[in-house]
Protein chains: 2
Amino acid sequence: MENQSEHKSLARLDESLLTHIPPFSRLKDSQIRDILDHATARRCAEGVTVFREGDPAERFYMLLDGYIRVLRITAAGEQVISLHIPSGQLFGIARAIGRDTYPATALTASEAIILSWPTTLWDHFVREYEGFSSETYKIVGQRLGEINMRVVEMATQQVEQRVANTLLRLVDQTGRKVKDGIEVDFSITRQDLSEMTATTLHTISRLLSAWEKKGLVKSRRKHVVVSNADGLMALGRGCAPQHVSQQV
Amino acid sequence: MENQSEHKSLARLDESLLTHIPPFSRLKDSQIRDILDHATARRCAEGVTVFREGDPAERFYMLLDGYIRVLRITAAGEQVISLHIPSGQLFGIARAIGRDTYPATALTASEAIILSWPTTLWDHFVREYEGFSSETYKIVGQRLGEINMRVVEMATQQVEQRVANTLLRLVDQTGRKVKDGIEVDFSITRQDLSEMTATTLHTISRLLSAWEKKGLVKSRRKHVVVSNADGLMALGRGCAPQHVSQQV
DNA sequence: TATAAACTTTGCGCTAGCGCAACCTTCGGA
DNA sequence: TCCGAAGGTTGCGCTAGCGCAAAGTTTATA
């Protein structure tokens, strides 16, 4: 099902692909050559499943270009989006957290270019390549931090604040400058946003409409542009600035 | 503020303290001796802060006895309890996730005995002690898994289900068999439960009262006993058994 | 170019569970 | 033994935001 994407080897992989990516940046050219020679490259369209929660973790991945969406699906069939991974990061690194199955499902949130290696090489990477493991654990720590922040937000904030903060984080992490603001750099639907913030697509739609009227965002089908980040930040902190300034 | 607890060295530490604890179980006696000789032991009363979120991670810890509560405090002063750590686990291992400050606050949820080492020894432990790092990353993975599960629960379940599942997990992880069921093995208030499930102490109180009438739990001040785990599980899955069976 | 599929908007009513308030119970310390 | 503090219970009213429904818009497909 997930293998309908192109799987070609992209000719021979160039070393410059990896030299500036943290887990590999301290390595010699010959080491990088070696790493690339063991890698499988793959170009995927948007919406392609890379691996599923519970699958045996047979490979680990490096996202060279595009975005990966990580999500979990409940018994009742509901999706919860855990995070989005930007290019230049490892993912599917079950071994780094002592697991032998993937803890979540990963699919491409945009067109993407992905390298992967068999998990059997993991220990070798950790042992032989300086800086690989420390960078890896930094990534794990970052993601743990993000998930923790979500727990705190979900436990303490109103829907409007959560959505505002989520959107700000999205444009901060993956934003692309456009004419009238900063745009989330991959297709994102109301449904997606609702799965990131534990609400419904209806509520997201209402919020975006309201924000658009206030000039905070501009959105169209599958696209969201933040045009007034400061205004959104005020909302995210829970102070509704327009009331404060006009009523007192 | 947090140093009012006893800080005595508990005489000389016995090697048997560590020999059966996973991160150290593969080590020779001499290695364990060495580890203990560098350790500081501390016995803490309930409610003592071990470290605070944001503090420089100068030490890492092993809980020998008791329970640790890990929590975060928001700007608005609200607490969110992330998890409870049972004895035999490392904690405060910021280095394992590439951080140099603690990502959360840790305090004792019961009387506790805690060993600790300066973080400067971390790399040495990882390098010299076989199995230490893999066990460490398993712990990180477990905690990541738990936090992920909370996100999913908070995003998809009703309060009643979340509380039921949280309680079941507590007795599963820390339960102590008592006459009429399984009791959570440390003091736990309605407030604590509410901070674990993103609700209010009032709602927890109402739920526990209702469950007590149905014979699912028995609770008194700071104590909760689960007396019918299967019944609670049914609630946790979202099927209210008494309605289902009587109305159809 | 028509049609379906995917995505979005908006209105309306309802309810889970919060916030407040008042009161009760248990426990530890003087 | 008394008092105060911490913890727990319960009633009541309210509202954020969900669920449903219906219709509009954009995009892909035939």
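What separates CD of A:Glu46 from P of D:dA28 is a distance of 10 Å, to the nearest Å. Between B:Leu208 atom CG and D:dG7 atom C1' the separation is 13 Å, expressed in whole Å. Following rounding to the nearest Å, A:Leu201 (CG) and D:dA22 (P) show an atom-to-atom distance of 17 Å. Between the P atom of C:dC18 and the CG atom of B:Leu207 lies a distance of 9 Å, rounded to the nearest Å. The separation between A:Gln158 atom CD and D:dT15 atom C1' is 10 Å, rounded to whole Å. Atom CH2 of B:Trp211 is separated from atom P of D:dG8 by 15 Å (rounded to the nearest Å). In this structure, A:Lys222 atom NZ and D:dT25 atom C1' are separated by 14 Å, rounded to whole Å. Summarising the geometry, the separation between CG on B:Asp192 and C1' on D:dA6 is reported as 12 Å, rounded to the nearest angstrom.
Comparing C:dA16, C:dT9, C:dC7 by their nearest atom to the side chain of A:Ser209 picks out C:dT9. Taking every side-chain heavy atom of A:Arg206 into account, D:dG19 is the closest of D:dT9, D:dG17, D:dG19. Each of D:dT10, D:dG17, C:dG17 was ranked by its minimum atom distance to the side chain of B:Ser205; first place goes to D:dT10. Closest contact between the side chain of A:Thr200 and the listed nucleotides C:dC27, D:dC18, D:dT27 involves D:dC18. Checking C:dC7, C:dT9, D:dC18 against every side-chain atom of A:Thr189, the shortest atom distance belongs to C:dC7. Closest to the B:Thr199 side chain, of the nucleotides D:dC18, C:dT10, C:dC18, is C:dC18.
With the nearest nucleotide of DNA chain D identified for both A:Thr203 and B:Ile188, B:Ile188 has the one nearer the 5' end.
A salt bridge links A:Glu111 to A:Arg43: one of the charged nitrogens lies within less than 4.0 Å of a carboxylate oxygen. Between B:Arg72 and B:Glu53 a salt bridge is recorded (basic side-chain N to carboxylate O distance below 4.0 Å).
With hydrogens and angles ignored, a donor-acceptor pair closer than 3.5 Å exists between the side chain of B:His202 and the base of D:dT10.
For B:Arg190, a side-chain nitrogen or oxygen approaches OP1 or OP2 of D:dG8 to under 4.0 Å.
The closest side-chain donor-acceptor pair between B:His84 and B:Gln173, if any, does not fall under 3.5 angstrom. There is a side-chain donor-acceptor pair under 3.5 Å between B:Glu195 and B:Gln191.
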Check your understanding: Can you list the steps and then say if B:Tyr61 with B:Phe51 is a ring pair (Phe, Tyr, Trp, His ring centres under 6.0 Å)?
Key -> CA-CA 10 Å; B:Tyr61 302 83; B:Phe51 53 79; 5.5 Å; yes
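B:Arg221 comes within 4.0 angstrom of a base, heavy atoms only.
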